[in-house]
Amino acid sequence: IRHDLRNPWPVCRGCCQEVEAGVIYGSLCSGIEAATQAWHPLGWKPAFFSEIENFPSAVLAHHYPDVPNHGDMTKFKDWPDHAIDLLVGGTPCQSFSVAGLRKGLADPRGNLMLTFGAVAQRFRPRWLVWENVPGVLSSDGGRDFGTFLGMLGELGYGFAYRVLDAQYIRTRGHAWAVPQRRRRVFVVGYLGDWRRAAAMEAVDIEAEMGGTFRTPGRDSWPTALKDLFAEFERGNIPTISLNRMMRERMVAGGCRVCAM
């Protein structure tokens, strides 16, 4: 999957050759497994799913009969051990959505964001990918999201995040994206090093600029962005400010995506 406004299908321009092969991941709140649809062409393999609803569980059993579905993610202490490189999940959004009651972490569904961290603490993957609605950024005045990020930091993960819009996604076999604006917050974490998580966010920024998909991928950046990221690497800019500052400079430079 690529988040690329200017370059519709085909979206793969050799980037798969530069993506680490053989990644083993665990999936929480799996649904019918969008993550596996995206990662299967890269050779990544699921170690387990976690889904409680009957219909998506039946879909998973049909398409992935050899992958265990552990069901309720709150029962993770009873799960068998798994050696995973990455943990992915989009915990329930209802308590954070601006269309709901916005009870945040006071809602058991909202509290599953903390369970995500507890699962990460048990299996200790190198990478984390977590997704939710943009309303999580303002839930309880931003305290709920701050709690989540603080938890990741206490667990030893460096992190970066930004909002992506699914209407610009292109996938193999589907040349057009969903016919709606569907913005979601994506948090990327890496165990012991914030720079790798931030680099993944920077790769996505470069994709929006029409550059090639590679890491660290700064050769085609404007000088202003190169200078900004250099300051970030020297520790002069906090992680939480980098995305905003890069977006501001990209808007000033005429990026159509960031100006939306």
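- R162 places none of its side-chain heavy atoms less than 4.5 Å from the side chain of V188.
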Q) Is there a side chain to side chain contact (heavy atoms under 4.5 Å, CB included) between R184 and V133 once you walk through the steps? A) CA-CA 5 Å; R184 293 294 183 269; V133 294; 3.8 Å; yes
(Q) Evaluate T36 against H63 for side chain to side chain contact (heavy atoms under 4.5 Å, CB included), listing each step before the verdict. (A) CA-CA 11 Å; T36 297; H63 288 289; over 6 Å; no
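- In this structure, D85 contributes its side chain and V23 its backbone to no donor-acceptor pair below 3.5 Å.
- The minimum heavy-atom distance between Q121 and R124, with the atom names listed, is O-CD, 3.0 Å.
- To the nearest 0.5 Å, atom SG of residue C93 and atom CZ of residue R109 are 9.0 Å apart.
- For D78, the salt bridge (Lys or Arg N to Asp or Glu O under 4.0 Å) test picks out no residue, with sequence neighbours left out.
- Within the model, atoms CE of M73 and OG1 of T91 stand 6.5 Å from one another, a figure rounded to the nearest 0.5 Å.
- For E51 (side chain) and G31 (main-chain N/O), a donor-acceptor pair under 3.5 Å exists by modelled atom type.
- L28 and I32 fall into different hydrophobic clusters, where Ile, Leu, Val, Met, Phe, Trp and Tyr residues are linked whenever their side-chain heavy atoms come under 4.5 Å apart, directly or through other members.
- Between G158 and A197, the shortest heavy-atom distance links the atoms O-CB, 3.8 Å.
- With rounding to the nearest 0.5 angstrom, the CG atom of D144 is 9.0 Å from the CG atom of N111.
- Residue pairs that meet the side-chain hydrogen bond (donor to acceptor under 3.5 Å, both in side chains) test with at least one member in residues 66-76, sequence neighbours left out, are S57-N69, H70-H82, D72-T74.
- Contact check on R183 versus D165 returns no salt bridge, with no Lys/Arg side-chain nitrogen under 4.0 Å from an Asp/Glu carboxylate oxygen.
- A distance-only check finds no donor-acceptor pair linking the side chain of E53 to the backbone of F55 [under 3.5 Å].
- With R102 contributing its side chain and F96 its backbone, the two residues share a donor-acceptor pair below 3.5 Å.
- Judged purely by distance below 3.5 Å, without hydrogens or angles, the side chains of D107 and S95 never pair a donor atom with an acceptor atom.
- Put simply, the side chain of T147 gets close to the backbone of R143: a donor and an acceptor are under 3.5 Å apart.
- Here the options are Y25, F48, F116, the test is ring pair (Phe, Tyr, Trp, His ring centres under 6.0 Å), and the partner is F123; only F48 passes.
- Hydrophobic clustering, with ILVMFWY side chains joined whenever heavy atoms are under 4.5 angstrom apart, keeps V67 apart from I24.
- Taking the charged nitrogens against the carboxylate oxygens, D81 and R122 do have a contact shorter than 4.0 Å, which makes a salt bridge.
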Q: Any chance you could lay out the side chain to side chain contact (heavy atoms under 4.5 Å, CB included) test for N132 and F186, step after step, and finish with the verdict?
A: CA-CA 7 Å; N132 216 288; F186 286 86; over 6 Å; no
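- With hydrogens and angles ignored, the 3.5 Å screen pairs no side-chain donor or acceptor of D140 with any backbone N or O of G142.
- Side-chain contact check for L86 versus V129: some heavy-atom pair is nearer than 4.5 Å.
- Between the side chain of S30 and the backbone N or O of S27, at least one donor-acceptor pair lies under 3.5 Å.
- Taking both residues in full, the closest heavy atoms of A47 and I84 are given as CB-CG2, 3.7 Å, listed atom of the first, atom of the second, then distance.
- Aromatic pair Y190/Y157: centroids not less than 6.0 angstrom apart.
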(Q) The test is side chain to side chain contact (heavy atoms under 4.5 Å, CB included); show your working for L105 and L114 and say whether it passes. (A) CA-CA 9 Å; L105 292 177; L114 304 183; 4.2 Å; yes
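- Under the 4.5 Å side-chain contact rule for hydrophobic residues, F49 and V59 do not share a cluster.
- I52 and W79 fall into different hydrophobic clusters, where Ile, Leu, Val, Met, Phe, Trp and Tyr side chains are chained together by heavy-atom contacts under 4.5 Å.
- In summary, the aromatic rings of W130 and F148 are positioned with their centroids under 6.0 Å apart.
- When the side chains of ILVMFWY residues are joined at heavy-atom separations under 4.5 Å, either directly or via intervening members, Y64 and W39 end up in two distinct hydrophobic clusters.
- P92 and C29 get closest at one heavy-atom pair: CD-SG, 4.0 Å.
- The shortest non-hydrogen separation linking W44 to G22 is CD1-N, 4.4 Å.
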